[in-house]
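Per chain, numbering begins at 1; letters A, B, ... match sequence-line order. Model, not experiment: these values are computed from the prediction.
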Amino acid sequence: MKNSFEFSVLFGGKAGDGIRQLGILWAKLLCRRGLKTFLYDDYPSLIRGGHNFSIVRAAEFPISAHRDQVNVIVALNEETIRRHQQRLSENGVVLCDQEIPEAQKAPSAQITVPWAQIVKELSAPKIMRNTAALASLVRFCQIPWEELAQTLRELAKTELNLSVAQKSYELSEKGHVDFPSKDKNQAFFFGNEAIALGAAAAGLKVFLAYPMTPASSILHYLAAHRERLGINVIHPENEIAAVLAAIGAAYAGSPAMTATSGGGFALMVEALSLAGQAEIPLVIVECQRPGPSTGVPTYTMQGDLEFVLTAGHGEFPRVVLAPGDAQEAFELTAEALRLAWRYQTPVLVLSDKHLSESLFSQNLPQQFARVEYKAWSGGQTYARYAFSEDGVSPLAFPGRKDAIVKATSYEHDPFGLTTEEPTQIARMQEKRLRKEEGLKRETEKMVGVFNRDAPVALLCFGSTKGAAVEIAERLGLRLVRPLVLRPFPTQTLQKALKGADRIIVCETNATGQLAKLLAFHGFRVDQKILKYNGRPFSVDELYERVKELL
Amino acid sequence: MKNSFEFSVLFGGKAGDGIRQLGILWAKLLCRRGLKTFLYDDYPSLIRGGHNFSIVRAAEFPISAHRDQVNVIVALNEETIRRHQQRLSENGVVLCDQEIPEAQKAPSAQITVPWAQIVKELSAPKIMRNTAALASLVRFCQIPWEELAQTLRELAKTELNLSVAQKSYELSEKGHVDFPSKDKNQAFFFGNEAIALGAAAAGLKVFLAYPMTPASSILHYLAAHRERLGINVIHPENEIAAVLAAIGAAYAGSPAMTATSGGGFALMVEALSLAGQAEIPLVIVECQRPGPSTGVPTYTMQGDLEFVLTAGHGEFPRVVLAPGDAQEAFELTAEALRLAWRYQTPVLVLSDKHLSESLFSQNLPQQFARVEYKAWSGGQTYARYAFSEDGVSPLAFPGRKDAIVKATSYEHDPFGLTTEEPTQIARMQEKRLRKEEGLKRETEKMVGVFNRDAPVALLCFGSTKGAAVEIAERLGLRLVRPLVLRPFPTQTLQKALKGADRIIVCETNATGQLAKLLAFHGFRVDQKILKYNGRPFSVDELYERVKELL
Amino acid sequence: MNIFAKNDPLATYAGNTWCPGCGNFGLLTAVKSVLKKFKETGRLHETLLVSGIGCHAKIVDYLAVNSFYSIHGRVLPVAWGIKMANPTLTVIGHAGDGDAYGEGISHLIFAAKRNTDLTLLVHNNRVYGLTTGQFTPTSPKGFPGRSTPSGSPEEPLNPIKLALASGATFVARGYVGKVKHLTNLIWEAVKHRGFSFIDVLQPCYTFFNTYSFYNEWVVEIPSDHPYEDLEAAFKLAEKWDYSSQAEEIPIGIFYKVKRPTFEEEALIETRDFDLFEHIRKFHQ
Amino acid sequence: MNIFAKNDPLATYAGNTWCPGCGNFGLLTAVKSVLKKFKETGRLHETLLVSGIGCHAKIVDYLAVNSFYSIHGRVLPVAWGIKMANPTLTVIGHAGDGDAYGEGISHLIFAAKRNTDLTLLVHNNRVYGLTTGQFTPTSPKGFPGRSTPSGSPEEPLNPIKLALASGATFVARGYVGKVKHLTNLIWEAVKHRGFSFIDVLQPCYTFFNTYSFYNEWVVEIPSDHPYEDLEAAFKLAEKWDYSSQAEEIPIGIFYKVKRPTFEEEALIETRDFDLFEHIRKFHQ
Ligand SMILES: Cc1ncc(C[n+]2csc(CCOP(=O)(O)OP(=O)(O)O)c2C)c(N)n1
Ligand SMILES: Cc1ncc(C[n+]2csc(CCOP(=O)(O)OP(=O)(O)O)c2C)c(N)n1
Ligand code: SF4
Ligand code: SF4
Ligand SMILES: [Mg+2]
Ligand SMILES: [Mg+2]
């Protein structure tokens, strides 16, 4: 790694211990110190009990992946120590509750603090042990009390939290880490928050979603902020209603989006095809998790790529975008809305649990895409599906006096009336498919390239970016990442891969879907690194896997 | 064409005139004479009115396509003459009702018979004009009355029909055609009947479907024959219920199937993935029609290939079979059931309107696939998902005393209990995907090849077979047809295409989906012939399109 | 070129393809009368039809007004989305019985539950028309459709009871054989704020000709019916359970109450926001 | 290795992951008592559980009986298919309220309409548990779930009314706080030939703790209730509309009648046939 400060902490406990919240507060506190942070959250599909852990990595340089080794383990239960102590780096320390019986026996350096007792004494709910633990960590890292207090004041909000923290801070001991502090606050976003904000920034006005891990937090975020963002946020009876109401809203003039995971997306496929035929600007976010079917709902996999590329009966233009971190999630979701409206066709944003539910500290761009469309300028009789060179017809919305706006799922003539006439059918198919040319032109450049001249090229898409980018830097590899998967940016990739001796594809699925897509487009794939146990690549693991092949 | 007898008749009129029934009776009558026939049916999406026509081609040699030129037009209305008279061959004749006012003006040779009057005089319903027309045609073709009478007795069944026919036969004139007669009756099947019978023959016990053109006739056929075939045939509330009940039935031990078109299949995609995870033997028939969305419901297109190949979230083995005529429809549907049960995974049969709703006279094979499975032999505790070399676990059904049978949509351990443990997840993914090896082995040979050594190769799939096979014969082309599209029979195709100078793909869609699939698997495609106006290739049209390229 | 029929400003040039004698003609007449009123007040452009797929759905091709010809079973979610984008539009849904009571039944229940402000007209011919005659959820037991040639094995649903149980605030039944009565019903439904549901008895001349049956048994609900009494409505709905026997088939409004609409309860005024202020506040 | 828990022949070795205090424990106890009766008569292998996805659904992992852990909303069609293949099995469905009244509501209506011979237990915690606390179709208006932080804008559905309106022949409500009463209900439901529906009030300790509310208002339906009177059942169902106020929450059997089952009306004995005879008869 870079010769620069970095520091990882693992927080572990049972579901219901507030592990995630603890990690988030720590990450945010460090962001406010100007550090870059990344939070990886690992939790089973249950509400209380089981074993949850979060790894928060912080560094002075940009990061968007976690490491297996950690400097500190904050253990809210014994199991955490047992499961994770092999992760501790040299000089690593375990922070844990005095009450943990095993604590004394563990081989590593340990600092025990009476968190449970503090909470009890202050009559705070037991979950506030997490605040106590945070305070011990802050103290251990020699971060001034005032910083913690301020973070808690702004983010956790209750006085009781503060008291618990203060007490624990006092009872905890300093460590030897010298935590740096920079001037500039770092912004922080979960992947799904970045998706939500990207959509909102581009002009989203209606969001509908049925809950499904790992997409639900888009719904939760937008619902919590709907008044502030000026967006209608609706949780309907099922995914079919969600996508069809989004289609209805878009037809009537409101930029609309829905979000789901693979199983929910499967239910939206009939409507996707409708959006293709009726030329509706529709954005669907698909946050992947391990399948098939219910699979492993709270873990990660990039197993739905091939599915989303060709889902839907019949032939129609579509775009599939795959962001790799929060910043890209923001930009590409905004772009998704822009493209959907510019071309009046469905656009998919493909995420996965690892992107959607990890926390990134990144800045969002000042410039971003916004919804724009070819508006009908009035005049003659309005024809919703008027032929045009680029396949895009001028748009008018129902409600204006001078237009009759007829959308339809049937093959149709320019006015939107049903046709079964062979020439008309062929012409309309061609009209719609013509949009692919414009889409191709606009998306052709969407490839991320790093170390352009290195002889060995690593290829990946989506959330694998985080680990891959560090490996590429560390090992001097070229990193090439298509951000758009349909249309496929063949020319740009050809340029990006020019002169590469070796092409290694890495992705988190069992059959190498990106590799297949590359092969389909005529690219040579020399080696594949696949992972399909539901876990993302950590920096260290990907390093080992790549090293093996070199 | 071959130097042998062939004869085409076009029957035209309004929906509600009984055009289709008329064509069917004619085709069947000729089959009973031992001729090969093929019926192509063209009708808009309405119940009464509009313009319907059927072309029945008959020949002494095997055929499974229609021609544009016809020898006789049987016109139940004026519009038929106007629309189709350019199809008449030299010496062609129009048979029509005396009442048709335009009749006299048309340039071609015409025979008029007072069909409407006959029907009226006998107080028969107006639709029986079709029987009268049939009788005139039969007479024109110098076919003895007894043959018609017998066909009507067996297939149309009412006495009134016979009287109408007789009267009309008497009033009609002989033509100059010498219609051959062979010894052996030909069997006749609509594509969908062949699918239904293939499934029934293989051991189908539960069929569920929600009506959707052009799949509905599978439901209608099986419903009409359910007692005879011993199959439960159910029309449920929607496609989702259809596919999930089929899954439930298969889990409990009954070979089950469902059938639909693209839009209905879209609704089944979530369940498809469930069948993959839970390892359920599920067969789905997808009868394509022009999309996207509602599209052109009563016409044809091969536009859903890419969709069905990868539909469903997550990664699981599946088979996609694409028959080209009734015989293949029968064989491959039986094979679909066999493979589904042998490998406990979903199998898709891909048809289209042109195959499903055309009538073929072909014999069905005496040998065909039947459901067989790896049965659990009892003994130790039953584990539904026991690991095995070929990925297939022994099967037991709920209800037996010695087994607890747990199926699940979650990732699971061998007993079917949920797991989130990384090693288990990866192992189970591998177990399931291992079935692809066996499937590949079993399906690798499924390629139709004709004229193996010809330098120019024509490639197609599904219903395009009918026209392509004649063209290949006529022009001395090699014809290569993958009957299985997933797993893709790469090696067999390589052999089949060895030494081909030129590879021409023809298919009825706008983007060349088979061509793309071939390219993906490393095949060179030199030229594409695409048609996407909802109509299938006729022999003559495909001939012209191929000729242009040679 | 334009979209209109020659002599009828409410019609498009699309040729009508319903069977002669189809009950949909009566429904078309009734809807047209209602649209005419909108036209007269200059508000036709604020009306919008949404249809499913089936014979019924062709109505949107015939009428020169805004429309969304959607997919089988999905009239209501599409209409709902349209209202989210523009609550000022008057939205009328046209669904088939296969459409509304089979494929799309879930949406009917939720439109009723939410009291979404729109009107749903179910062209209830008690058969799948366009797919040539299978039994639907409201076909009588024993109906010999193409999927049940020896008779449907199921008792029919009673959609009036279902709508009542789901919380609909305007529940009615019409009959295409009484066009004037139907026109008034539709007009009342459109005026009603909230979810208005009309089950329209619409004989399918070709696959299920029920004209004489309805002509014999249809009775208008008397005007002293207690419109706000749910139990009375339920009781009235029980008079006929969609079987092939009847003693009386009430038509008219079964139930009508006021309740806040979904649009009032759930929607906010959409507007733009300042991204960077939002980030400073919640993400730093 | 085998599937059983150490000391319990009805349990698997799967660790229970419900929250402490979860209402599902009571339901598990009740179901186990019923399964025990089957075990005692040597018929356990003929019982089968089908579940959806959600906290409720985990129950099938805990019980050492045949089961199909299906997908969200699809308990009923899977169970229906199982009955088609083997009508002799006793099939019990476990669904969540999100499952049965949201995603899968269409199947509930049709199972009731058809009188499919199975039992459906809805673990009605009136919240999406496993997806961490959004409002469901039976959440009270104003419920501050994660998708509606400022309060659900919708009135709840009353599933008892819905089941009655759809034709269910056994409609009941249970409460996990009355395990014995619940056990009896389930037993009655399982014995009933036809579709038996029990809405089980199951507090979600974590996201919607309704124990004290139910404890206060739950009242057993008196044994002189006219079980076969639909209107009486509907009236009783109206006593509580799933809002956060109540004067009385009746539990017990609301309605119970005999009607032919789907299996009796629709299924035939499957058997093999002679293909070539069939072809000679119908295709030559
Ligand atoms: C998802 C889906 N399933 C099936 C169909 C086929 N389909 C078209 S119309 C129709 C039936 C329509 O019946 P109904 O809604 O009663 O309308 P009607 O034709 O009687 O007016 C069906 C099943 C479809 N278009 N989409
Ligand atoms: C098609 C689909 N949509 C969404 C989900 C996500 N999901 C899993 S459980 C659940 C909610 C379950 O709520 P409920 O049915 O009430 O069960 P509970 O957890 O409360 O027992 C949802 C929406 C899914 N698995 N499948
Ligand atoms: S089939 Fe029935 S509903 Fe359809 S147009 Fe004809 S008469 Fe009307
Ligand atoms: S979240 Fe609620 S329903 Fe789920 S296990 Fe916990 S208490 Fe039970
Ligand atoms: Mg209908
Ligand atoms: Mg629930």
Side-chain angles (χ1 to χ4, degrees), chain B residues 31-32 185-189 193 197 200-201 203 205-206 208 225-232 234 236-238 240-254 256 270-271 274 278 364 366 380-381 383 397-410 415-418, chain D residues 1-4 12-14 17 42 44-48 50 53 57-58 60-61 64-74 76-86 88-89 91 104 106-107 109-110 113-114 262 266-273 275-276 278-284:
Chain B
C31 284
R32 283 150 172 247
N185 274 3
Q186 298 292 330
F188 38 79
F189 306 89
E193 294 177 345
L197 282 174
K205 289 292 170 279
V206 172
L208 287 130
H225 292 280
R226 64 174 197 146
E227 305 267 5
R228 256 166 245 119
L229 303 177
I231 297 174
N232 275 309
I234 314 282
E237 64 271 32
N238 56 32
I240 294 178
V243 69
L244 281 145
I247 285 175
Y251 155 73
S254 278
E270 191 197 9
L274 167 62
L364 302 188
Q366 304 280 332
Q380 290 176 284
T381 317
F397 304 120
R400 56 191 277 184
K401 226 169 178 133
D402 58 349
I404 294 173
V405 186
K406 291 182 108 63
T408 176
S409 71
Y410 268 95
F415 292 109
L417 300 180
T418 305
Chain D
M1 200 181 164
N2 71 44
I3 196 173
F4 298 101
T12 70
Y13 58 73
T17 61
L44 189 64
H45 62 285
E46 289 171 359
T47 62
L48 198 157
V50 181
I53 297 295
K58 296 183 176 187
V60 302
D61 263 0
V65 283
N66 298 312
S67 65
F68 196 128
Y69 204 150
S70 81
I71 51 178
H72 182 56
R74 312 305 169 192
L76 286 168
V78 170
W80 187 35
I82 291 168
K83 290 294 285 190
M84 283 176 208
N86 188 350
T88 66
L89 295 172
V91 179
S106 55
H107 312 303
I109 288 164
F110 279 86
K113 170 185 194 284
R114 292 186 187 116
F262 174 83
L267 297 189
I268 62 166
E269 283 268 359
T270 61
R271 54 172 182 78
D272 290 338
F273 72 104
L275 175 65
F276 296 100
H278 183 83
I279 290 176
R280 269 191 303 280
K281 215 152 154 193
F282 297 99
H283 294 274
Q284 263 176 347

Counting N and O atoms only, with roles assigned by atom type, does the side chain of D:Asn66 sit under 3.5 Å from a partner on the main chain of D:His45, one being a donor and the other an acceptor?
-> yes
Reported OH-to-CD1 distance for the pair B:Tyr410 and D:Ile71, which is rounded to 0.5 angstrom | 12.0 Å
Picking from B:Gly248, B:Ala241, B:Ala252, which has the most non-hydrogen pairs under 4.5 angstrom with chain D?
-> B:Gly248
Tell me, for D:Ile3 versus chain B, whether the close heavy atoms (under 4.5 Å) come from the side chain, the backbone, both or neither.
-> both
With no hydrogens and no angle check, is any side-chain donor or acceptor of D:Ser67 less than 3.5 Å from a backbone partner on B:Lys406?
-> no
When heavy-atom pairs shorter than 4.5 Å are enumerated against chain B, which of D:Thr88, D:Val65, D:Ile109 gives the highest number?
-> D:Val65
For the pair B:Ser254 (side chain) and B:Ala256 (backbone), establish whether a donor and an acceptor sit closer than 3.5 Å, ignoring hydrogens and angles.
-> no
Determine the option with the most heavy-atom pairs under 4.5 angstrom with chain D, choosing from B:Pro236, B:Gly253, B:Ala242, B:Gly399.
-> B:Gly399
Can you name the residues that form a side-chain hydrogen bond (donor to acceptor under 3.5 Å, both in side chains) with D:Asp61, not counting sequence neighbours?
-> B:Thr418
Under 4.5 Å heavy-atom distance to chain D, tell me which part of B:Tyr251 shows up: side chain, backbone, both or neither.
-> side chain
Heavy-atom donor-acceptor pair, D:Arg74 side chain to B:Ala245 backbone, under 3.5 Å = no
Verify, without hydrogens or angle tests, whether B:Arg32 (side chain) and D:Gln284 (backbone) share a donor-acceptor contact under 3.5 angstrom.
-> yes
If we only count heavy atoms from C-beta on, is the B:Leu274 to B:Leu244 side-chain gap below 4.5 Å?
-> yes
Turns out that what part of B:Glu193 lies under 4.5 Å from chain D's heavy atoms comes down to side chain
Honestly, the part of B:Thr381 sitting under 4.5 Å from a heavy atom of chain D is side chain
Listed by chain and number, what are the ring-ring contact (aromatic ring centres under 6.0 Å, His included) partners of D:Phe110, not counting sequence neighbours?
-> none
Heavy-atom proximity to chain B below 4.5 Å, by part of D:Leu44 = neither
Measure B:Ile231 against the heavy atoms of chain D and call it side chain, backbone, both or neither at under 4.5 Å.
-> backbone
Criterion side chain to side chain contact (heavy atoms under 4.5 Å, CB included) on D:Trp80 and D:Val91, from CA distance to verdict | CA-CA 9 Å; D:Trp80 187 35; D:Val91 179; over 6 Å; no
Name the option with the most non-hydrogen atom pairs under 4.5 Å to chain D; the candidates are B:Asn238, B:Leu364, B:Leu417.
-> B:Leu417
Minimum heavy-atom distance D:Ile53-D:Ser70, with the two atoms named = CD1-O, 3.1 Å
Below 4.5 Å from any heavy atom of chain D, which atoms of B:Gln186 appear? Answer side chain, backbone, both or neither.
-> backbone
Check each atom of D:His107 against the heavy atoms of chain B and say whether the ones under 4.5 Å are side chain, backbone, both or neither.
-> both
Working for ring-ring contact (aromatic ring centres under 6.0 Å, His included), residues B:His225 and D:Phe282 | CA-CA 10 Å; B:His225 292 280; D:Phe282 297 99; 4.6 Å; yes
What part of D:Ile268 lies closer than 4.5 angstrom to a heavy atom of chain B: side chain, backbone, both or neither?
-> both
Side chain / backbone / both / neither for B:Arg400 at chain D, heavy atoms under 4.5 Å = backbone
With a 4.5 angstrom heavy-atom cut-off, could you sort out which part of D:Arg114 is near chain B: side chain, backbone, both or neither?
-> side chain
Heavy-atom distances under 4.5 Å only: say whether D:Leu275 touches chain B with side chain, backbone, both or neither.
-> side chain
Relative to chain D, which segment of B:Asp402 carries a heavy atom at a distance below 4.5 Å: side chain, backbone, both, or neither?
-> neither
D:Thr12 portion near chain B, given a 4.5 angstrom heavy-atom threshold | side chain
Side chain / backbone / both / neither for B:Ala403 at chain D, heavy atoms under 4.5 Å | backbone
Please report the shortest heavy-atom distance between B:Ile247 and B:Ala271, naming the atom on each side.
-> CD1-O, 3.4 Å
Heavy atoms only, distances under 4.5 angstrom: which of B:Val206, B:Val405, B:Asn232 has the most pairs with chain D? Name it, please.
-> B:Asn232
Check step by step if side chain to side chain contact (heavy atoms under 4.5 Å, CB included) holds for B:Phe397 and D:Leu89.
-> CA-CA 11 Å; B:Phe397 304 120; D:Leu89 295 172; over 6 Å; no
Does any heavy atom of chain B fall under 4.5 Å from the side chain of D:Phe276, the backbone, both, or neither of them?
-> side chain
Chain D contact via B:Arg228 - side chain, backbone, both or neither, heavy atoms under 4.5 Å | both
Measure B:Ala201 against the heavy atoms of chain D and call it side chain, backbone, both or neither at under 4.5 Å.
-> both
